[in-house]
Amino acid sequence: EPEVTQTPSHQVTQMGQEVILRCVPISNHLYFYWYRQILGQKVEFLVSFYNNEISEKSEIFDDQFSVERPDGSNFTLKIRSTKLEDSAMYFCASRPETSGGYEQYFGPGTRLTVT
Amino acid sequence: SQKIEQNSEALNIQEGKTATLTCNYTNYSPAYLQWYRQDPGRGPVFLLLIRENEKEKRKERLKVTFDTTLKQSLFHITASQPADSATYLCAPISTGGYQKVTFGTGTKLQVIP
(Lines give C-alpha, C1' and ligand atoms only; values in the text may rest on other atoms or scores of the structure.)
Protein backbone atom coordinates (compact mmCIF):
# COMPACT_ATOMS: atom_id res chain seq x y z
CA GLU A 1 0.00 0.00 0.00
CA PRO A 2 1.41 3.44 -0.89
CA GLU A 3 2.57 5.55 2.03
CA VAL A 4 4.05 8.92 2.82
CA THR A 5 7.73 8.74 3.75
CA GLN A 6 9.82 11.26 5.64
CA THR A 7 13.55 11.71 6.16
CA PRO A 8 15.40 11.90 8.42
CA SER A 9 13.54 10.19 11.23
CA HIS A 10 15.52 12.23 13.76
CA GLN A 11 17.44 15.45 13.24
CA VAL A 12 19.55 17.15 15.89
CA THR A 13 20.70 20.68 15.18
CA GLN A 14 22.12 23.65 16.98
CA MET A 15 20.12 26.80 17.54
CA GLY A 16 20.46 29.19 14.62
CA GLN A 17 21.19 26.49 12.08
CA GLU A 18 19.08 25.79 9.01
CA VAL A 19 17.32 22.45 8.64
CA ILE A 20 15.48 20.86 5.76
CA LEU A 21 12.93 18.17 6.45
CA ARG A 22 12.02 15.97 3.52
CA CYS A 23 8.85 14.19 2.55
CA VAL A 24 7.81 12.01 -0.33
CA PRO A 25 4.01 12.15 -0.57
CA ILE A 26 1.93 9.41 -2.17
CA SER A 27 2.50 9.64 -5.90
CA ASN A 28 -0.95 10.56 -7.23
CA HIS A 29 -1.77 13.00 -4.42
CA LEU A 30 -2.15 16.68 -5.14
CA TYR A 31 -2.54 18.39 -1.75
CA PHE A 32 0.38 18.48 0.66
CA TYR A 33 0.61 19.57 4.26
CA TRP A 34 3.04 20.03 7.12
CA TYR A 35 2.03 19.70 10.74
CA ARG A 36 4.01 19.76 13.93
CA GLN A 37 3.53 18.30 17.39
CA ILE A 38 5.45 19.57 20.38
CA LEU A 39 5.96 16.83 22.95
CA GLY A 40 2.80 16.26 24.94
CA GLN A 41 0.76 18.72 22.90
CA LYS A 42 -1.69 18.43 20.03
CA VAL A 43 -0.92 18.14 16.35
CA GLU A 44 -0.90 21.64 14.84
CA PHE A 45 -1.33 22.68 11.23
CA LEU A 46 1.55 24.60 9.68
CA VAL A 47 0.95 24.92 5.95
CA SER A 48 -0.90 23.49 2.98
CA PHE A 49 0.46 23.40 -0.57
CA TYR A 50 -1.41 22.91 -3.81
CA ASN A 51 -0.60 23.54 -7.43
CA ASN A 52 2.96 24.55 -6.57
CA GLU A 53 2.06 27.25 -4.13
CA ILE A 54 1.11 27.76 -0.52
CA SER A 55 -2.67 27.66 -0.20
CA GLU A 56 -2.98 28.28 3.53
CA LYS A 57 -0.63 28.80 6.46
CA SER A 58 -0.97 29.16 10.20
CA GLU A 59 0.40 31.83 12.51
CA ILE A 60 3.22 29.45 13.41
CA PHE A 61 4.44 29.43 9.82
CA ASP A 62 6.38 32.68 9.91
CA ASP A 63 9.22 33.96 7.73
CA GLN A 64 11.60 31.39 9.22
CA PHE A 65 9.68 28.63 7.48
CA SER A 66 9.42 27.82 3.80
CA VAL A 67 8.16 24.91 1.74
CA GLU A 68 9.13 23.68 -1.66
CA ARG A 69 8.30 20.95 -4.10
CA PRO A 70 11.61 20.86 -5.96
CA ASP A 71 10.63 17.99 -8.25
CA GLY A 72 7.69 15.72 -8.92
CA SER A 73 8.16 13.63 -5.82
CA ASN A 74 9.71 15.53 -2.92
CA PHE A 75 8.11 18.09 -0.62
CA THR A 76 10.38 19.92 1.80
CA LEU A 77 10.04 22.10 4.87
CA LYS A 78 12.93 24.45 5.59
CA ILE A 79 13.50 26.23 8.87
CA ARG A 80 16.06 28.96 8.27
CA SER A 81 17.32 29.72 11.76
CA THR A 82 16.13 27.17 14.27
CA LYS A 83 15.07 28.10 17.78
CA LEU A 84 14.81 25.90 20.84
CA GLU A 85 11.02 26.07 20.60
CA ASP A 86 11.12 24.52 17.11
CA SER A 87 11.91 21.19 18.77
CA ALA A 88 8.96 18.97 17.85
CA MET A 89 7.77 16.12 15.66
CA TYR A 90 7.08 17.33 12.14
CA PHE A 91 4.56 15.41 10.07
CA CYS A 92 4.01 15.61 6.36
CA ALA A 93 0.62 14.63 4.95
CA SER A 94 -0.97 14.36 1.55
CA ARG A 95 -4.33 13.66 -0.01
CA PRO A 96 -5.66 13.04 -3.48
CA GLU A 97 -7.82 15.65 -5.15
CA THR A 98 -10.66 13.21 -5.44
CA SER A 99 -10.75 12.42 -1.75
CA GLY A 100 -14.36 13.21 -1.03
CA GLY A 101 -13.90 12.98 2.69
CA TYR A 102 -10.66 14.89 2.65
CA GLU A 103 -8.88 12.28 4.74
CA GLN A 104 -5.18 12.86 4.87
CA TYR A 105 -2.37 10.35 4.87
CA PHE A 106 0.37 11.17 7.33
CA GLY A 107 4.02 10.22 7.26
CA PRO A 108 5.87 8.75 10.24
CA GLY A 109 7.33 12.12 11.19
CA THR A 110 10.73 13.68 11.73
CA ARG A 111 11.76 14.38 15.30
CA LEU A 112 13.63 17.69 15.34
CA THR A 113 15.75 18.45 18.39
CA VAL A 114 17.26 21.92 18.62
CA THR A 115 20.05 22.29 21.19
CA SER B 1 -12.77 31.29 18.13
CA GLN B 2 -13.07 27.69 16.97
CA LYS B 3 -12.58 25.13 19.68
CA ILE B 4 -12.43 21.33 19.73
CA GLU B 5 -12.69 19.58 23.06
CA GLN B 6 -12.02 15.95 23.78
CA ASN B 7 -11.86 14.14 27.12
CA SER B 8 -8.62 15.53 28.45
CA GLU B 9 -8.24 12.72 30.94
CA ALA B 10 -7.05 9.31 29.83
CA LEU B 11 -9.73 6.67 29.50
CA ASN B 12 -8.99 3.28 31.05
CA ILE B 13 -11.25 0.44 30.08
CA GLN B 14 -11.33 -3.30 30.58
CA GLU B 15 -10.71 -5.51 27.59
CA GLY B 16 -13.94 -6.58 25.92
CA LYS B 17 -15.90 -3.51 27.01
CA THR B 18 -17.05 -0.67 24.79
CA ALA B 19 -14.99 2.50 24.87
CA THR B 20 -16.81 5.76 24.20
CA LEU B 21 -14.85 8.90 23.36
CA THR B 22 -16.40 12.35 23.09
CA CYS B 23 -15.61 15.25 20.78
CA ASN B 24 -17.33 18.60 21.24
CA TYR B 25 -16.77 21.57 19.01
CA THR B 26 -17.77 25.23 19.08
CA ASN B 27 -17.85 27.96 16.44
CA TYR B 28 -17.68 25.37 13.69
CA SER B 29 -20.17 24.26 11.09
CA PRO B 30 -18.34 21.21 9.80
CA ALA B 31 -19.49 19.32 6.75
CA TYR B 32 -17.47 16.32 7.93
CA LEU B 33 -15.95 15.04 11.08
CA GLN B 34 -12.94 12.76 10.96
CA TRP B 35 -11.42 10.48 13.57
CA TYR B 36 -7.76 9.53 13.61
CA ARG B 37 -5.66 7.25 15.75
CA GLN B 38 -2.17 8.21 16.90
CA ASP B 39 0.33 5.88 18.48
CA PRO B 40 3.26 7.32 20.49
CA GLY B 41 5.91 8.83 18.21
CA ARG B 42 3.88 8.12 15.08
CA GLY B 43 1.77 10.12 12.66
CA PRO B 44 -2.04 10.15 12.88
CA VAL B 45 -3.82 7.43 10.94
CA PHE B 46 -7.24 8.09 9.45
CA LEU B 47 -10.00 5.82 10.80
CA LEU B 48 -13.44 7.08 9.91
CA LEU B 49 -15.28 10.00 8.47
CA ILE B 50 -18.89 10.99 9.02
CA ARG B 51 -20.79 13.57 7.02
CA GLU B 52 -23.10 16.18 8.49
CA ASN B 53 -26.17 14.48 7.03
CA GLU B 54 -25.23 11.10 8.54
CA LYS B 55 -26.21 10.25 12.08
CA GLU B 56 -24.05 7.17 12.42
CA LYS B 57 -21.23 5.40 10.62
CA ARG B 58 -19.77 1.97 11.31
CA LYS B 59 -16.57 0.21 10.33
CA GLU B 60 -15.89 -3.18 11.88
CA ARG B 61 -15.75 -2.58 15.67
CA LEU B 62 -15.84 1.20 15.29
CA LYS B 63 -18.94 3.38 15.38
CA VAL B 64 -19.16 7.14 15.07
CA THR B 65 -22.16 9.38 15.66
CA PHE B 66 -22.49 13.00 14.68
CA ASP B 67 -25.02 15.36 16.26
CA THR B 68 -24.83 18.76 14.59
CA THR B 69 -27.40 20.19 17.01
CA LEU B 70 -25.36 19.25 20.06
CA LYS B 71 -22.13 19.94 18.13
CA GLN B 72 -20.81 16.61 19.26
CA SER B 73 -19.42 13.39 17.90
CA LEU B 74 -19.12 10.14 19.82
CA PHE B 75 -16.59 7.47 18.87
CA HIS B 76 -17.21 3.93 20.08
CA ILE B 77 -14.92 0.93 20.02
CA THR B 78 -16.80 -2.27 20.82
CA ALA B 79 -15.14 -5.40 22.19
CA SER B 80 -12.04 -3.35 22.94
CA GLN B 81 -8.63 -4.99 22.80
CA PRO B 82 -5.24 -3.96 24.27
CA ALA B 83 -4.13 -3.23 20.68
CA ASP B 84 -6.73 -0.44 20.61
CA SER B 85 -4.69 1.47 23.19
CA ALA B 86 -3.69 4.75 21.54
CA THR B 87 -4.65 8.41 21.41
CA TYR B 88 -7.73 9.15 19.35
CA LEU B 89 -8.10 12.52 17.65
CA CYS B 90 -11.21 14.13 16.24
CA ALA B 91 -11.15 16.74 13.50
CA PRO B 92 -14.17 18.69 12.27
CA ILE B 93 -13.70 19.67 8.64
CA SER B 94 -15.38 22.55 6.87
CA THR B 95 -15.84 22.49 3.12
CA GLY B 96 -13.99 24.87 0.90
CA GLY B 97 -10.42 25.93 1.21
CA TYR B 98 -7.76 23.28 1.31
CA GLN B 99 -9.19 21.29 4.20
CA LYS B 100 -6.40 21.58 6.69
CA VAL B 101 -7.05 19.23 9.57
CA THR B 102 -7.46 20.96 12.92
CA PHE B 103 -7.21 18.34 15.61
CA GLY B 104 -8.57 18.21 19.08
CA THR B 105 -6.16 17.46 21.90
CA GLY B 106 -7.05 13.80 21.71
CA THR B 107 -8.14 11.22 24.23
CA LYS B 108 -5.65 8.61 25.37
CA LEU B 109 -7.32 5.21 25.59
CA GLN B 110 -5.79 2.42 27.61
CA VAL B 111 -7.39 -1.02 27.29
CA ILE B 112 -6.49 -3.17 30.26
CA PRO B 113 -6.21 -6.93 29.68
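So that the names make sense, note that chain A is the first sequence line, chain B the second, and so on, each numbered from 1.
Environment of CG in A/Leu39: sparse, with no more than 12 heavy atoms of neighbouring residues, nucleotides or ligands closer than 6.0 Å. For CZ of A/Arg69, the number of neighbouring non-hydrogen atoms (other residues, nucleotides, ligands) closer than 6.0 Å is greater than 12. Enclosure of atom NZ in B/Lys3 is not indicated, since only 12 or fewer non-hydrogen atoms of other residues, nucleotides or ligands lie within 6.0 angstrom. More than 12 heavy atoms of other residues, nucleotides or ligands shown are found within 6.0 angstrom of CD on A/Glu85. Summarising the local packing, CD of A/Glu3 is surrounded by 12 or fewer heavy atoms from other residues, nucleotides or ligands at distances under 6.0 Å. No more than 12 heavy atoms of other residues, nucleotides or ligands shown are found within 6.0 angstrom of CG on A/Asp63. For CD of A/Glu59, the number of neighbouring non-hydrogen atoms (other residues, nucleotides, ligands) closer than 6.0 Å is 12 at most.
In the model, A/Gln37 has a side-chain atom that pairs as donor or acceptor with a side-chain atom of B/Gln38 under 3.5 Å.
Hydrophobic clustering of Ile, Leu, Val, Met, Phe, Trp and Tyr side chains at less than 4.5 Å, counting indirect connections, unites A/Phe61 with A/Phe32.
Interface with chain A: from residues 63-72 of chain B, no residue qualifies, criterion being any non-hydrogen pair under 4.5 Å.
Aromatic ring orientation, A/Phe106 versus B/Phe103: tilted (interplanar angle from 30° to 60°).
For the set B/Gly43, B/Gly41, B/Gly106, B/Pro44, the count of heavy-atom pairs under 4.5 angstrom toward chain A peaks at B/Pro44.
For the atom pair B/Leu48 CG and A/Glu103 CD, the distance stands at 10.0 Å (nearest 0.5 Å).
Neither the backbone nor the side chain of B/Thr102 comes within contact range of chain A; no heavy atoms are under 4.5 Å apart.
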